[in-house]
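Whatever order the structure lists ligands and atoms in, that order sets their numbers, starting from 1. We number each residue from 1, following the sequence as shown. Only a predicted model underlies this, so the values are computations on that prediction, with no experimental measurement involved. As a basis for the values below, the full set of heavy atoms in this structure was taken, side chains included, without hydrogen atoms, waters or symmetry mates.
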Amino acid sequence: MNRERTLSIIKPDAVQRGVTGHIIQQLIDGGLRPLAIRTMRLSLEQARAFYAVHRERPFYDSLCAFMSSGPVVVMVLEGEGAIARNRELMGATDSKKAAPGTLRNRFGTDIERNAVHGSDSPETAQAEIAFFFSGAELAALSS
Ligand code: CMP
């Protein structure tokens, strides 16, 4: 398997619940190294741009309002097969259906307020990382 990078977001519901540290520790224990971490608040426009792929979906407006409702923690995670590994650690999109012990099961509420986001493919990971972090920033951190 390849050494990869993926984008992770700890969503406003999880930040508000005070479980950021627990989530980061579970990711580290699962074999992922946080290469870059930033706490920020997304504007509604940034949330709409980040989730533009979902703009035709009925949940788009609600999702973007939620994602801009409070601080988030955005991270670049690095590790072997990081994209798939992060998705395993997160569990199913719907927190109510996520396997016991997964991040969404432990810290999310439902299909929208599901605690964490993770890139779903190498192409998406590249685009999502570039949305938040500059190449120069990451080059400085990885040396
Ligand atoms: P995420 O992994 O961030 O990718 C898109 C997000 O849209 C997803 O997590 C959920 O927060 C949300 N989402 C996906 N499907 C639905 C749905 N059917 N209803 C409401 N929100 C959804």
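- L42 is not listed as a side-chain neighbour of V74, based on a closest heavy-atom distance of 4.5 Å or more.
- Every salt bridge (charged side-chain N to carboxylate O under 4.0 Å, His left out) that R85 has, sequence neighbours left out, goes to E88.
- Residues satisfying the salt bridge (charged side-chain N to carboxylate O under 4.0 Å, His left out) test with R104, not counting sequence neighbours, are none.
- The aromatic rings of Y51 and H117 sit perpendicular to each other, their planes meeting at more than 60°, with 30° as the lower class boundary.
- Considering only residues two or more places apart in sequence or on other chains, F59 meets the side-chain contact (heavy atoms from CB on, under 4.5 Å) condition with H54, R57, L63.
- Contact residues for ligand 1 (protein heavy atom closer than 4.0 angstrom to any ligand atom): K11, Y51, H54, F59, L63, T93, R104, I111, E112, N114, H117.
- At least one donor-acceptor pair under 3.5 Å links the side chain of R17 to the backbone N or O of F107.
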